[in-house]
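Every heavy atom of this structure was used, including side-chain atoms; hydrogens, water molecules and symmetry mates were not. Remember, it's 1-based here, ligands and their atoms both numbered in the order they're listed.
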Amino acid sequence: MVTTHNLGFPRIGARRELKFGLESYWKGQSSIAELQQLGRTLRQQNWADQAALDLAPVGDFSFYDQVLDMSFTLGHLPERVRGFHGEALDNYFRVARGRSTPAAEAHAACCAGVAAGEMTKWFDTNYHYIVPEFTATTEFKLDASRLLEQLAEAQARGVKTKPVIVGPVTYLAIGKSKDGSNRLDLLPRLLPVYAQLLDTLAAQGVEWVQIDEPQLVTELDADWQHAFNTAYHLLKTCKVKLLLATYFGQLQENAYLAANLPVAGLHVDAINDREGVQPLINLLPAHKVLSLGVINGRNIWKTDLTATLDWLEPLAQQLGARLWIAPSCSLLHVPVDLASEQQLDAEIQSWLAFARQKLDELQVLAQALNHGRDAVRAALDANQAALKSRRASPRVNQPAVKLAVSKITRDLGRRESSYAQRAPKQAALLQLPPFPTTTIGSFPQTAEIRQARSDFKAGRLDASAYQAVMQAEIQRAVREQEALGLDVLVHGEAERNDMVEYFGEQLEGYAFSQFGWVQSYGSRCVKPPILFGDIRRPQPMTVAWTRFAQSLTSKPMKGMLTGPVTILNWSFVRDDQPRSESCLQLALAIRQEVLDLEQAGVRVIQIDEAALREGLPLRRTQWKTYLDWAVESFRVSANGVRDETQIHTHMCYSEFNDIMASIAEMDADVITIETSRSDMELLDAFDDFSYPNEIGPGVYDIHSPNLPSEQHMVALMKKAAERVPAERLWVNPDCGLKTRQWPEVIPALKHMVAAAKTLRAELA
Ligand SMILES: Nc1nc2c(c(=O)[nH]1)N[C@@H](CNc1ccc(C(=O)N[C@@H](CCC(=O)N[C@@H](CCC(=O)N[C@@H](CCC(=O)O)C(=O)O)C(=O)O)C(=O)O)cc1)CN2
Ligand SMILES: [Zn+2]
């Protein structure tokens, strides 16, 4: 008999209940008891959804982030939040958000606001975790209370559970050393706490623990390989069975290591690495369980159940009861329930599966393996019919689009002249001062904007009334920027629900959901649009808004687009053609938009590629292939313009060094980037490569509620000027301002503009 299990379930709730509960608590509008109760309700709901499984996860629920949960479990809190006198949960939110909650204001004098923990992407996903901070003196001390509480809840409910924790090697690998010390030196201090945790769980009747080590799908040097051996040899004496879980990629050269670690079972991602499975079985000691992730936990298409069974049945024969099946990774990365959708096209809906539907698919596979396919014949037939309809659909395949992509030449992605030749033409036209100031695009998405859009979508507000509200908002943004004295203005993106979904809604080949929310960080969610077919742009998407904004000012108004790579990486994309093909289709659509903006007289166009770095494969050996088509897609979208049109791009992350050459090849006239937190260190990369074009190193950390001072920003820019010639520098924030409030934004930008003036006086 095959065993079914799940690695993790979305915790945000089918209606984003957790988001609203958290934000209400943070605003002081509900109590900690109400928030805790909401947590219990969501966990109960999730276990109910997973009732058919042989083993359901416990510990996957989180009020903010599972990595931060692990840090608390390990008693590993940043120095600055120790000695907090209030509720542990308030302290947890202090690490997550930097701010104290109203409930913790009682302690304002002794221990209120602190710097937020750094956030970064969880492997190659759009989910952000709070980075563990290590120093040479880091100590760990077990606090299993959260896990034990949730375990008791599950047990009281009669759920057959499997606690889920982040494994020790991955935990060290995804953290950062704050003092340059080697985080692996902490392993001997960390492992006893893990051992104690596992024995504590065993004492509560736990048989299996899922220990997540996705680091095993990355390239590991000898020290990290050794760390895996050390860790699991030490933990093997614990009284639980360990299911070592890997996902998001391929084990490749780590297969031998993974197969031979002294654990009771191994989970592998059979979506990303089907070819690796048989060789792995040959390596796997005969007593071990092999869990195969056969349902895609990162995408929303129905699984081809028949094809999966064709592949699985012989393995089930071979492995017998040692075979477990599951989704490939935690279902955190997909929406909760397809059944919530009332407005999706019925045919497209029939091709999809969200978290609940994926568990149903898993059940069908298990039934077929355990009792024969006839036991689930109707389900298999329905599944085949849906897949057939998708494959044959004329809406998916548009020969004209495929033809256009096949005709793309290298020249399509080349500017007329080099940067050196076009820069003076742009300067003559734009007449900007030295150290020109600009922002990254969005201004605060106020409750009124969101309410208006929600009313519009629900039919409570008609199109012209909606347009009027958005235009008023754009007008406000323009007025504010003029009053501040910014040089290149933006319209503020009021009309956009999200920088990717907005474009998905307007492109043919895309569908979008009403409730398909996926957690991005904390209470923030995204609703990735669904790229199901060949992409066509039926009409201009941003021109009217931009034209309106430009009509309000004589300053240059920056056109604002999202680039093809970012649209691709933040969408659910088709699995029936290479990503590169979908990306080039998007590139052609954005190119048309760029050319239309230029035609409309827009002289500066920004094409955001915020997700270019995140899409980088987890293994370096695969980087070049990705970067080649990603950069080419950007070039196709951007570089059809005349010399006089200035192209900007924006990237909001700080680890560029490895891919600097590719960034330069994009050939944008100006790149704005994140640097404020890293103290301009990032610019070393630009310096080394001597990035040839203009750079706006972000001087204002928009993720923090702290007000940046003029002096701080001047100092950062002076550092920048040591690495990049002053005449090629811009002054701007790190990223868009949509998550901030106007009262925070105005004073911060005042300081920024003042900083630019000081720089002009001193350096220009
Ligand atoms: N796709 C994507 N990925 C990204 C980013 C990004 O901007 N987009 N930025 C980086 C950081 N990630 C972020 C992710 C989300 C948000 C964010 O603000 N999300 C919003 C939702 C944005 C949205 O789509 N809003 C919709 C729907 C609004 C809504 O919920 N309306 C309510 C009613 C109105 C209200 O909320 O009061 C309803 O319909 O019921 C809109 O504006 O139209 C949120 O969680 O609150 C910010 C940063 C990295 N990854
Ligand atoms: Zn950004």
Side-chain angles (χ1 to χ4, degrees), residues 12-20 22-24 26-27 119-122 124-129 333 335 340 343 439-461 466 469-470 473 490 493-505 512-530 560 562-563 565-572 606-615 648-654 671-677 696-698 700-703 732-741:
I12 201 75
R15 287 287 187 279
R16 289 187 294 163
E17 293 88 338
L18 183 59
K19 172 196 173 62
F20 299 117
L22 284 168
E23 291 177 0
S24 146
W26 291 336
K27 281 189 222 141
M119 280 195 315
T120 198
K121 296 288 167 96
W122 176 241
D124 59 353
T125 73
N126 194 4
Y127 175 81
H128 308 60
Y129 67 93
H333 311 287
S340 303
Q343 287 170 19
T439 61
I440 305 305
S442 57
F443 274 106
Q445 278 277 329
T446 60
E448 297 74 49
I449 298 179
R450 294 250 155 101
Q451 192 56 53
R453 187 155 39 250
S454 172
D455 289 346
F456 172 49
K457 289 197 173 169
R460 294 185 293 266
L461 202 64
Y466 176 68
V469 176
M470 294 304 126
E473 219 27 77
V490 297
E493 303 178 29
E495 80 288 4
R496 301 185 189 179
N497 46 3
D498 173 75
M499 61 189 280
V500 167
E501 194 182 8
Y502 177 76
F503 291 95
E505 286 178 355
F512 44 94
S513 65
Q514 281 171 282
F515 303 101
W517 294 101
V518 178
Q519 193 175 10
S520 179
Y521 67 88
S523 70
R524 296 281 175 182
C525 299
V526 293
K527 193 143 57 62
I530 299 165
M560 191 59 55
T562 304
V565 186
T566 298
I567 297 185
L568 182 91
N569 283 336
W570 287 349
S571 297
F572 289 121
Q606 178 175 315
I607 307 169
D608 292 324
E609 282 295 15
L612 191 132
R613 173 80 176 61
E614 161 191 324
H648 290 216
T649 190
H650 161 71
M651 299 184 182
C652 43
Y653 42 78
S654 52
I671 181 169
T672 59
I673 46 172
E674 177 192 314
T675 35
S676 63
R677 280 198 202 179
Y700 154 19
D701 175 9
I702 64 92
H703 293 291
N732 48 261
D734 257 4
C735 190
L737 298 162
K738 65 185 164 196
T739 58
R740 303 252 65 89
Q741 312 281 317

For the atom pair [atom1] ([X]) and [atom2] ([Y]), what is the distance rounded to the nearest 0.5 Å?
| X | Y | atom1 | atom2 | result |
| --- | --- | --- | --- | --- |
| Thr562 | Glu493 | OG1 | CD | 7.0 Å |
| His333 | Thr125 | NE2 | OG1 | 5.0 Å |
| Cys735 | Asp608 | SG | CG | 8.0 Å |
| Leu18 | Trp517 | CG | CH2 | 14.0 Å |
| Phe443 | Arg740 | CZ | CZ | 13.5 Å |

Considering non-hydrogen atoms of the protein only, which is the closest contact for [atom], and what is the distance?
| atom | answer |
| --- | --- |
| atom 7 (O) of ligand 1 | Lys738 NZ, 2.4 Å |
| atom 16 (C) of ligand 1 | Arg524 CD, 3.8 Å |
| atom 48 (C) of ligand 1 | Tyr521 CE2, 3.8 Å |
| atom 9 (N) of ligand 1 | Trp570 CH2, 4.1 Å |
| atom 27 (C) of ligand 1 | Trp517 CH2, 3.9 Å |
| atom 39 (O) of ligand 1 | Ser454 OG, 3.4 Å |

Is there a heavy atom of [X] sitting under 4.0 angstrom from any atom of ligand 1?
| X | value |
| --- | --- |
| Cys525 | yes |
| Met499 | yes |
| Lys19 | yes |

Considering only heavy atoms from C-beta outward, does the side chain of [X] approach that of [Y] to under 4.5 Å?
| X | Y | answer |
| --- | --- | --- |
| Phe512 | Lys527 | no |
| Arg496 | Lys738 | no |
| Trp570 | Glu501 | no |

- Which heavy-atom pair separates His128 from Met119 by the least distance, and what is that distance? CB-SD, 4.0 Å
- Task: Determine the minimum heavy-atom distance between Ile702 and Gly736, stating which atoms define it.
- Result: CD1-O, 3.3 Å
- Between Thr739 and ligand 1, which part of the residue brings a heavy atom under 4.0 Å of the ligand: side chain, backbone, both or neither? side chain
- Taken in chain and number order and not counting sequence neighbours, the residues that satisfy side chain to side chain donor-acceptor pair (under 3.5 Å) with Asn732 are none
- Glu505: partners by side chain to side chain donor-acceptor pair (under 3.5 Å), with sequence neighbours left out: Lys457, Asn497
Say whether [X], considering both its backbone and side-chain N or O atoms, lies within less than 3.5 Å of an N or O atom on ligand 1.
| X | result |
| --- | --- |
| Arg450 | yes |
| Asn497 | yes |
| His128 | no |
| Asn126 | yes |
| Arg453 | yes |

Heavy-atom proximity to [atom], best of [options]:
| atom | options | answer |
| --- | --- | --- |
| atom 2 (C) of ligand 1 | Asn569, Asp498, Val500 | Asp498 |
| atom 29 (C) of ligand 1 | Arg16, Gln451, His703 | Arg16 |
| atom 12 (N) of ligand 1 | Gly441, Gly504, Ser520 | Ser520 |

- Angle class for the Trp122/Tyr129 ring planes (parallel below 30°, perpendicular above 60°, tilted otherwise)? perpendicular
- Task: Could you tell me whether Glu23 and Lys19 have a side-chain N and a carboxylate O separated by less than 4.0 Å?
- Result: yes
- Quick note, salt bridge (charged side-chain N to carboxylate O under 4.0 Å, His left out) partners involving residues 442-456, not counting sequence neighbours, are Asp455-Arg460
- Protein N/O/S neighbour count - the Zn ion (ligand 2), strictly under 2.8 Å: 3
